[in-house]
Amino acid sequence: QTTMRISISTAQNSHQGVAIDTFAKEVEKRTGGRYKVQTFYNGALGGERESIESVQLGTQELAFSSTGPVPNFVPETKILDVPFLFRDKAHARAVLDGPIGQDLLAKFDAKGFKALAWAENGFRHMTNSKRDVKTPEDLKGLKLRTMENPVHIAAYKGFGIITTPMAFPEVFTALQQGTVDGQENPLPVIISAKFDQVQKHLSLTGHVYSPCIFVMNKGVFDKLSAQDKQAFIDAAKEGTKANRARVDEDDAKGVADLRAKGMTVIDNLDKAKFVAALAPVNAQFEKEFGKANLDKIRNYQ
Amino acid sequence: MTGVMISTMALCFALTISVAVSIGLSAILGIQVSGANMLIAVKEMFGAINKFPLAAIPFFILAGNLMETGGISRRLVEFAKSLVGGVQGGLPMTCVLTCMIFAAVSGSSVATTFAIGAILIPALVKHGYPTSYAAALQATSAELGVIIPPSIPMILYGVSAEVSIGELFIAGFGPGVLISGALMLFVWLYCKYKGWGQHDGDGRMPFGRALWQAGWALLMPVIILGGIYGGVFTPTEASAVAVFYALLVGMVIYREIHRRNLVAVLRKSAISSAVIMFIIANAGLFAFLITRAGVPDAIGRWLQEVLQTPVLFLLGVNVALFLIGMFIETSAAIIVLGPILAPVAQHFGVDPVHFGLIMVVNLALGMITPPFGVNLFAACTVARIPLDRIVGHLLPFVAVILGCLLVITYVPQLSLFLRDLVYAR
Amino acid sequence: MHVKDFFLRAERVSSGASMALACAMLALAASLGLFQILMRFVFEEPAEWTEVLIRFSLIWMVFLAIPTAFRQGAMVSVDVLRRWSPPALRRALDWAVCLASLALMAVLVWWGWDYARRGGVQTMAGLESLSMFWAYLAIPVGALCAVPGIVGNLLDPRHEELENAQ
Ligand code: NA
Ligand code: NA
């Protein structure tokens, strides 16, 4: 029996936890118990960047991570960070499961990874303590904590947001003290970090879709028999199914939950206005990623 | 593998090999024994110090050294003396109070021992106090350096257990004031009993003048902490502000920092920071390996089974930390034990911030318990006496801190009331 | 005797040079820290590359200051045995300390270089134009520079750990 490790940076009871728990169970089942996958939660083996690097170096066999740090390893994936690229979850899932997503998975091979499957964190939404954000104008001058992602930062600056990178454990108190006015994250993160206690206004901007990915060390994957390779890929697909189901569940419960906790939730904003406000930045993205490539994703049916 | 690692580490410690190297070598042996990839060694060392909040450590060290070189300790001593120096035993009380104030500028205990001890130990001896008493008093009071914010051990706990450093800082005030008060009361009574220090108040500066002189130094904690709790900046940014405030006061206002000693300060701060960050790097690797081997989960389950109530858990943890603190360096202990114990504490319903304070106060106590206690060594160095001579006078001080530790452990409000007030929980 | 003096002199140059760089890194990091706050609060235009640069210049500072820390015996140790032992045993302990430190440095040089080389395919988050190679390089370079310092401390022992302890 061979034991492998997989890690996530969130809790076991989360949309990521359910993904790797299902994956581990399925691998063991589909290989007749010849492979066992040991699961680590809460960033016990390091943050997302560290775990992806571990997989690349081969010091860890598997990781499940959001694609936040992935562009630093596989620059081609940067395109997925473009705001308002996907209409909704169904669109995003169809693109990632279809030929475009599969092409992107193949790009990992040259960097020492075998990317098994796409999964997701869901759409990111904005919260703040200042005002209801209904139109792009409402975003002007807001101090927002963001990830260190150049595409995100360029887009948020396009809205007139003052972007502020900050370590996650400090975000809660920074929001409370007004060091920053707001932050943006998928609903499950907003709920588990209890941001509702320090943020009054939530807008379901869904400005960026946050994919997740199952990655495996290429060398380790290549040593598997053809049958086991398929078993790992199928197990990752099962993990993705469980992950997406949980994200749907969290999204559905999340809005009601946050409303009950006293947040005002703006869910009927006119996304076209937000897209229009980003036109200059989008022109820049079209130059960087190719208009054809972006349109191929945007118009995928 | 864990057994190999721990026994190698103990052997290396015994052979006087430095803490960082001992921990690093035992981890490397652990990797070798378990057949894992040796790249883990360098990767995890790098990862352990590749964290932005840790930048506060070198910055607070640099700020403390700048303040010290800028002539702050002398002024703080005068200020404290003008406040409490008038009574019998006023000089030992001055020592406690100065350390308390200096602690609000410095993040470390050893730095506090050197800065204040260099002035107060000779003064105490001149006033007829036994040298060993002066050293024990200084070593103990300097503990406040890591309990009152800013605090390097709190930064480490915050980073390794993923707790807000800002909240830890503010939670340090209550315990810091408790320990200061208890120590002052104790030295006052002790001096009455011994008949020491009848003329401690001689040559005191009037309060107004002392306050005027020390004003710029006293303003630093106000700016730093006010900045953090007023929502202006994060603790890490506050540390950078502290550096430039200290530089401004030392160069422009007190005019005691010149180009030559500025280089010396930079050098000393870089070495101090490198020493502690190298310990953090090696301890981070060690912690990673035992986490990967599943040790924290096993210990956590075991603790939950054996110590079934929060009261017992806290007692057990305190006893264990006290014993560990006798032998192990504080930063290393926090990096390795913080992530193991904090989740268990949370399971028992202990607030992670409160638990951080318990760990920091207990391990700060370890800085004055022989055989390994950096504060003791520092105080003995300043007082020029061998370690064994200090122990007699040290025991009552240890007892006082232990008493305070019990209060801090079982009265969570002491740590949390300010935080709850400021953060409106 | 001649060889020893020559070695110590060369060591002073190499450790001194890396120490000077370490001081520069510390000054740079502190200045960037102030710059970050100014950009954020005065100009309201935070720069995302300051944090990365602060982290990596401090890591370079750590590894470049280690040689001097070893040279001066500034690394904190549990030195009870040393305090209570006769000179002959002390000398044996000096050797143990030296060999153990060299063993750790050997691992850091060898695997640190490997790590830097392999990490080179990754770019820095927040500073995409730079490869992580330049950050990881601190480990092998610092460890290599530490070797003369460690040997120097064996030839001419100093114990200044308290002067620099925190
Ligand atoms: Na302090
Ligand atoms: Na101790």
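Because only heavy atoms are used, hydrogens play no part in the values below, and waters and symmetry mates are left out as well, while side chains stay in. Computed from a predicted model, the values in this text were never measured in an experiment. Throughout, a chain's letter reflects where its sequence line sits, starting with A, and its residues are numbered from 1.
Contact between B:S331 and B:L156 at its shortest, heavy atoms only, is CB-CD1, 3.4 Å. Between B:Q138 and B:T113 the shortest heavy-atom distance is NE2-CA, 3.7 Å. In plain terms, the two heavy atoms of B:S239 and B:A56 that are nearest each other are OG-CA, 3.4 Å. Between C:I66 and B:F278, the shortest heavy-atom distance links the atoms CD1-CD1, 3.4 Å. Here the closest non-hydrogen pair linking B:I165 and B:P53 is CD1-CB, 3.8 Å.
When B:L54, B:V243, B:L39, B:T236 are compared by the number of non-hydrogen pairs under 4.5 Å with chain C, B:L39 comes out ahead. Taking B:N282, B:I17, B:V263 one by one and counting their heavy-atom pairs under 4.5 Å with chain C, the maximum is reached by B:I17. Of all the listed residues (B:L62, B:V241, B:N50), the one sharing the greatest number of non-hydrogen pairs under 4.5 Å with chain C is B:N50. Top candidate by heavy-atom pairs under 4.5 Å with chain C, chosen from B:K51, B:M277, B:K43, is B:K43. Looking only at heavy-atom pairs under 4.5 Å with chain C, the residue among B:P58, B:S18, B:S22, B:P386 that has the most is B:S18. The residue among B:A274, B:P370, B:A240 with the most heavy atom pairs within less than 4.5 Å of chain C is B:A274. Your options are C:R55, C:R118, C:M61, C:M19, and the one with the most heavy-atom pairs under 4.5 Å with chain B is C:R55. Chosen from C:G119, C:C23, C:G33, C:A138, the residue pairing most often with chain B at heavy-atom distances under 4.5 Å is C:C23.
For C:S85, no part lies under 4.5 angstrom from a heavy atom of chain B. Using a 4.5 Å cut-off between heavy atoms, C:I54 contacts chain B through its side chain alone, with no backbone atom that close. In this structure, the portion of C:Q36 lying under 4.5 Å from any heavy atom of chain B is its side chain and not its backbone. Contacts between C:A135 and chain B at a heavy-atom distance below 4.5 Å involve backbone atoms as well as side-chain atoms. Contacts of C:M105 with chain B are made by side-chain atoms alone, with heavy-atom separations under 4.5 Å and no backbone atom involved. Heavy atoms of C:L104 lying under 4.5 Å from chain B belong to its backbone as well as its side chain. Both the backbone and the side chain of B:F52 come within less than 4.5 Å of a heavy atom in chain C. With a 4.5 angstrom heavy-atom cutoff, C:T68 touches chain B only via side-chain atoms. Contact annotation for C:I139: only side-chain heavy atoms (C-beta onward) come within less than 4.5 Å of a heavy atom of chain B. With a 4.5 Å cut-off on non-hydrogen atoms, B:V19 touches chain C through its backbone and its side chain both. B:I57 does not touch chain C: none of its heavy atoms, backbone or side chain, sits under 4.5 Å away. Interface residue B:I28: only side-chain heavy atoms are found under 4.5 Å from chain C. Looking at B:F244, the atoms closer than 4.5 Å to chain C (heavy atoms on both sides) all sit in the side chain, from C-beta outward. Looking at B:A14, the atoms closer than 4.5 Å to chain C (heavy atoms on both sides) all sit in the backbone: N, CA, C or O.
Expressed to the nearest 0.5 Å, how far OG of B:S109 lies from CD1 of B:I368 amounts to 9.5 Å. Considering CG of B:N375 and CZ of B:F114, their distance stands at 9.5 Å, rounded to 0.5 Å.
A salt bridge does not link C:K4 with C:D156: every distance from a Lys NZ or Arg NE/NH1/NH2 to an Asp or Glu carboxylate oxygen is 4.0 Å or more. Remark: C:R90 does not engage C:D94 in a salt bridge, criterion side-chain N to carboxylate O under 4.0 Å.
Aromatic pair C:W49/C:F35: centroids less than 6.0 angstrom apart. Taking the centre of each ring, B:F46 and C:Y136 come in below the 6.0 Å mark.
Put simply, the side chain of B:N65 does not reach to within 4.5 Å of the side chain of B:R267, judged on heavy atoms.
Side chains of B:N261 and B:T69: no donor on one and acceptor on the other come within 3.5 Å.
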